[in-house]
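Here's the structure we're looking at; comments come further down.
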Amino acid sequence: MDDRFVAERYRNRSVGLTLDTQALSRYGDVINLSIGDTDFTTDTRIIDGARTDACAGYTHYGDPKGDPELIEAVCRAWQEDQGEAIPSDQVLVTASSCLGMALTMMAILNPGDEVLIFSPYFTMYREQVELAGGRAVIVPTYAHEGYAIREDRIRAAITPRTRAMIFNNPNNPTGMAYGEDTLALLASIAQEYDLVVAADDIYTFYFFEGSYRPIRCLPGMAQRTVTLNSFSKNYLMTGWRVGYVIAPPAIIQTMNAINGALCYSTPSVSQRAALHALSLRQELRQTYGQLYRQRVSYSAQRIQEIPYLDLCVPRGTFYLFPSVQKTGLSSAEFCARLLEEAHILVTPGSVFGAEGEGHFRIACTVGQEVLREAFDRMERLKF
Ligand SMILES: Cc1ncc(COP(=O)(O)O)c(C=O)c1O
């Protein structure tokens, strides 16, 4: 391939996530547990509401900061759910939380600044940090410690160049949900070292114990937290590409200016859909939170009965991250055998950083009957 017109930094480097489409067509009966996208179509009331609004003229550029009605609704929902009043100049609507995180990094990093990332981590973080000229510094967490975020490991990773940390709660891929103790630890370290916390709070309807507590709401944190939220997972709206960021005004203004150069504004019709979605949030949280919890709990029980797997039981999201160490295979080898011998497609843990090696990710984004069939097939395998 002639790549002489490609920027040097991207040569010989794979960027982004790739779906193994060949694997899907290799066998007629592949069960695909690799998709981090909900299997439900967006609620028809949201689609119908957006369609009506599009017909009424919401087909133009909008306010770059976001549809004022949506921003007002975000502030109202935050006040109702978190008890905190946020002024509208602390909200920016973004075309997805992927873009929101990239904008955050571009807004806060100087060249060479370091960002702490707890591993295993959502694959895109490293790219988002590096695109902004920063350096990703990995802080490991391990299944045998319940993916605990440990103070000694954070302190060992901090240098004078550390600028921020990315904290994803609950976590993709491990399914770990962190409580008050971890939030307090991160908040105190962020304050001690004057760091920004980029809080990726996009799976907040999927906490299995207790409920969502934003790190932003801890004392002293509002002025140093960028809260990233998205309609993708909570509202089953991945394809609409809409989310929002809550952050101090100076960061919002900077992100808005950068966003102007990248895409000017978030699609108007998606923002209208988001507005309708917010009005249904209690119902959707209840319905889908419970549904995914049941699937994860069923899957966890089945995995625990399979002798060659180990599992740190998830406390949130719709993912499970079993260990394959007992098989003696690497993540990639195990996933290849699972595909060849059981026709099940999953994601190798190594995609989520070095600490993910020895694991694979199951996304419970298929119905329970399909999950049952997948675990029946896994149970028949011998290693
Ligand atoms: C932890 C995490 N953050 C961000 C994203 C991206 O979400 P969005 O659709 O809002 O870009 C994902 C998607 O899988 C994710 O798992």
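This one's a predicted model, so the numbers in the text were calculated from it and none came from an experiment. First listed ligand is number 1; within each ligand, the first listed atom is number 1.
For atom 7 (O) of ligand 1, the nearest protein heavy atom (residue, atom name, distance) is Ser97 OG, 3.2 Å. Closest to atom 2 (C) of ligand 1 among all protein heavy atoms lies Asp200 OD2, 3.4 Å.
Each of the following atoms of ligand 1 lies closer than 4.0 Å to a heavy atom of Ile202: 2 (C), 3 (N), 4 (C), 5 (C), 7 (O), 12 (C), 15 (C). Interface atoms of ligand 1 facing Cys98, defined by a heavy-atom separation under 4.0 Å, are 6 (C), 11 (O). Those atoms of ligand 1 with a heavy atom of Ser230 less than 4.0 angstrom away are 8 (P), 10 (O). Near Ser232, with a cut-off below 4.0 Å to any heavy atom, the atoms of ligand 1 are 8 (P), 9 (O), 10 (O).
In terms of polar-atom proximity, defined here as any N/O pair under 3.5 Å, Asn168 makes no such contact with ligand 1. Ligand 1 has no nitrogen or oxygen under 3.5 angstrom from a nitrogen or oxygen of Phe122. Polar contact check, Tyr319 against ligand 1: no nitrogen or oxygen pair lies under 3.5 Å apart.
Ligand 1 lies less than 4.0 angstrom from a heavy atom belonging to Lys233. Between Arg241 and ligand 1 there is a heavy-atom distance shorter than 4.0 Å. Proximity of Phe231 to ligand 1 is not established, as no heavy-atom distance is less than 4.0 Å. Contact analysis puts Tyr125 in contact with ligand 1, with a non-hydrogen atom separation below 4.0 angstrom.
Aromatic ring orientation, Phe167 versus Phe118: perpendicular (interplanar angle above 60°, classes split at 30° and 60°). In this structure, Phe318 and Tyr292 have tilted ring planes: the angle between them lies in the 30° to 60° band. Between Tyr27 and His343, the angle of the ring planes stays under 30°, which puts this pair in the parallel group of the 30/60° scheme. Taking the six-membered ring for Trp and thresholds of 30 and 60 degrees, Phe207 and Tyr212 have nearly parallel ring planes, at less than 30 degrees apart.
Of all the heavy atoms in Phe231 and Ala277, the pair that sits closest is CD2-CB, 4.2 Å.
When atom types are taken as modelled, the side chain of Thr327 and the backbone of Tyr308 share no donor-acceptor pair closer than 3.5 angstrom.
Here Glu369 pairs with Arg372 in a salt bridge; the nearest charged N to carboxylate O distance falls below 4.0 Å.
Ring centroid separation for the pair Phe383 and Phe334 comes in under the 6.0 Å cut-off.
Shown are Tyr235, Phe205, Phe40; of these, the ring pair (Phe, Tyr, Trp, His ring centres under 6.0 Å) with Tyr288 is made only by Phe40.
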